[in-house]
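Labels below follow one simple rule: chain letters A, B, ... track the order of the sequence lines, proteins then strands, and each chain is numbered from 1.
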Amino acid sequence: MINLTKDAIVAINSENPASLPAGQNPVVQVLQVKKATASQPNAPDRYRMVLSDGVFYMQAMLGTQLNHLPEQEVLVKNSVIRMTNYAVNTVQNRLLVIALQVDILESSHEKIGSPQNYDPAKAQVQPQGQSHQQPQTTDNKPTIAPPQSKGPSSQAPVYPIEGLSPYQNKWTIKARVTQRSDIKFWSNQRGEGKLFSVNLMDETGEIRATGFNESVDEFYSMLEEGKVFFITKARVQIAKKQFSNLQNEYEITFDKSTQIEPCFDTSDVPDVKYNFTELQNLENLEANSITDVLGVVTSVDDASQIISKSTQKPYTKRELQIVDRSQQSVRLTLWGKLAETFDQTNEPVIAFKGVKVGDFGGRSLSMVGASTLFVNPDIAEAHTLRGWYDQQGKNEQFSTFNSSSAAVKPESSGAVNSNEIKTLDQVKQSQLGLNDTGKPDYWSGKATVTYIKKDNLTYPSCPNDMKKVTQDMNDKWRCEKCESSFDAPEYRYIVTCNATDHTGQLWLSGFNDFGLELFKMPANDLQAMMNNGDEAAYEATVKNALGSTYNFNCRAKQDNFNDNVRVRHQINRVNNINYKSDIGRLCDSITKLEVA
DNA sequence: CCCCCCCC
């Protein structure tokens, strides 16, 4: 037999929630649970409830994070629940409970008692906000300590971020600034102004807050990253999810009445929380999703300028290579001021929060608006990674994602860790590609193109599937694979070349991407020179490509040719030499020679 | 009231 908490409704409505018997989390019966009419088209569903202690009942709402309970019919009419975390606020002069965390004690139970509507006027309850939060582990802890300072903290009780919504307007949050943007100036048809935003976090959740114009002057310098503040009297609005990757349906806008003051008792306000994805598992995430990663930065490119195709604006970018214990390496792009000022040369461990997963080159990462990075964070995972990398990771091979097959075949990726650059002689001596399994080996090497086979450098291909097409009797180009005909083929490169380094030479074959890099023009253009009889231009283009030096990323695979086993080296990708990091690599190998 | 997050 379940007992409802005696006088729970009176206590909840009183100014002193701790007056609950023995400070317990109230056990109440849900007399009704119904989906509320949406206030806005894209607003999340909200569930209204009527809660009873057997004597009185009152209106309540369910925190949206608990929507799954009624949706999965775990919480239904007449369920008995224990509210382990809830908030009370005034909406249109009526008191409303928002259940933030509940235990379902009984899913369905007969109605207990004959409760009456609780009338706050009769009970002389002041219609003012209340907050009540108790750790789930103990039933006897007092409620949140009353704020000591004047100003915002005395305006309204401290309220969990998770419980904020447009339905209540009297609250104070106690939150840590986990990220602060630059001040941004905008100008459009509707006017101009400046703004900034911060990410705020407490034990229960995160929310983004934005300040415009005067609020920038008033609050920007104060809201330093990492510090904790009491914030009150700001607007809570539906978040535009397409622009936010924080886990909150709402966001805050500071306005003229907003009050913010620093808080020095910060022990209960968490730092940034991470939910790291191992780099190898990035292939399981969808492109454009947002995640956190932790990696050792093994190389840092120079900053460079790109022009956005859509806005024609220039942006500074800088690419890093990061690795982790999943033996995976991935490229990560920094933008703007961060790209310009990033200066980390000692292979730091960096925690990235809220980076965007892209599918360029298989998988890539990019910092976006709400992303943050933390160099050498003092968290357990970072220390573990540091130890592993220094002791063994730095000598290991890392897989890279690659555009054709990384997402489905991790074994097909290869090493491009600059530590793993092999000489061509090493490639031959270690007989890469020759093994019993028939599986390819992957290698990276720095070499110079010294010879290119001039005949059959291009082939006419099908625009649909890149397969070779042949000219039929009607001068149409026919693809046997997709059974279509075309007026003209799309020429693609198929390059056979000789690559040389200081230890020897090797035949390599590469395809269209390599040809584009090598000749700086589409295969159609090169073929046109041939077709137009401009053999000199053709020759000059090929000759001009000789002497190109790259870091080659190759696949070595054996095949049988006239009963002879031989190894073919196919170019997966070439990278231009980053001279700064290449010199570092050469210096390292000189040091190793000296030691030996 | 911004809301672009880029490029290979």
Side-chain angles (χ1 to χ4, degrees), chain A residues 42 179-199 208-220 234-235 237-246 248 250-256 258 287-291 301-321 330-340 352-373 400-404 406 416 512-518 520 522 550-551 553 572-576 578:
Chain A
N42 293 324
Q179 197 213 351
R180 179 179 64 178
S181 74
D182 291 335
I183 296 171
K184 184 189 167 179
F185 297 83
W186 88 87
S187 174
N188 58 29
Q189 304 93 311
R190 282 185 296 235
E192 55 186 51
K194 58 183 175 181
L195 71 117
F196 78 106
S197 62
V198 287
N199 290 351
R208 185 165 80 147
T210 305
F212 292 93
N213 303 319
E214 303 91 339
S215 296
V216 176
D217 302 330
E218 201 174 348
F219 300 128
Y220 183 80
R235 286 206 304 278
Q237 300 153 295
I238 305 283
K240 292 172 190 162
K241 293 297 261 185
Q242 69 271 34
F243 303 127
S244 162
N245 45 38
L246 290 191
N248 204 315
Y250 307 111
E251 59 190 16
I252 289 173
T253 304
F254 301 141
D255 59 28
K256 286 195 177 76
T258 300
N288 298 322
S289 58
I290 299 288
T291 192
D301 288 359
D302 290 335
S304 62
Q305 291 271 322
I306 59 109
I307 304 291
S308 162
K309 276 181 176 168
S310 52
T311 65
Q312 303 303 318
K313 283 188 192 163
Y315 293 92
T316 307
K317 72 158 196 173
R318 186 193 292 269
E319 284 198 354
L320 316 179
Q321 189 96 26
V330 69
R331 294 196 289 161
L332 186 148
T333 308
L334 311 179
W335 297 97
K337 199 195 274 179
L338 188 60
E340 285 164 20
F352 296 90
K353 184 173 169 59
V355 288
K356 192 165 106 175
V357 179
D359 56 6
F360 183 75
R363 279 291 178 274
S364 60
L365 297 170
S366 180
M367 297 280 286
V368 291
S371 308
T372 56
L373 65 77
T400 55
F401 293 112
N402 78 54
S403 48
S404 53
V416 293
N512 204 50
D513 289 349
F514 179 55
L516 287 171
E517 168 59 39
L518 207 50
K520 319 285 188 205
Y550 302 104
N551 276 333
N553 186 227
N572 275 346
R573 178 172 136 179
V574 295
N575 292 317
N576 286 308
N578 179 332

S.K.: Spell out, as yes or no, whether a donor-acceptor pair under 3.5 Å connects the side chain of Asn188(A) to the backbone of Arg190(A).
M.R.: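 Flag set: sc Asn188(A) to bb Arg190(A) pair under 3.5 Å.
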S.K.: Apply side chain to side chain contact (heavy atoms under 4.5 Å, CB included) to Asn288(A) and list each qualifying residue two or more places apart in sequence or on a separate chain.
M.R.: Lys356(A)
S.K.: Is Asp217(A) salt-bridged to Lys194(A), cutoff N-O under 4.0 Å?
M.R.: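 The answer is yes: the pair qualifies as a salt bridge.
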S.K.: Short question: side chain of Arg363(A), backbone of Val357(A) - any donor-acceptor pair under 3.5 Å?
M.R.: no
S.K.: Kindly write out the residues that satisfy side chain to side chain contact (heavy atoms under 4.5 Å, CB included) with Glu517(A), not counting sequence neighbours, or none if the list is empty.
M.R.: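 Partners of Glu517(A) under the side chain to side chain contact (heavy atoms under 4.5 Å, CB included) test: Lys520(A), Tyr550(A), Val574(A), Asn576(A).
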S.K.: Would you give a per-nucleotide map of nucleotides 1-6 of chain B, 5' to 3', where B means the base has a protein non-hydrogen atom under 4.0 Å away, S means only the sugar-phosphate does, and - means neither?
M.R.: BBBBBB
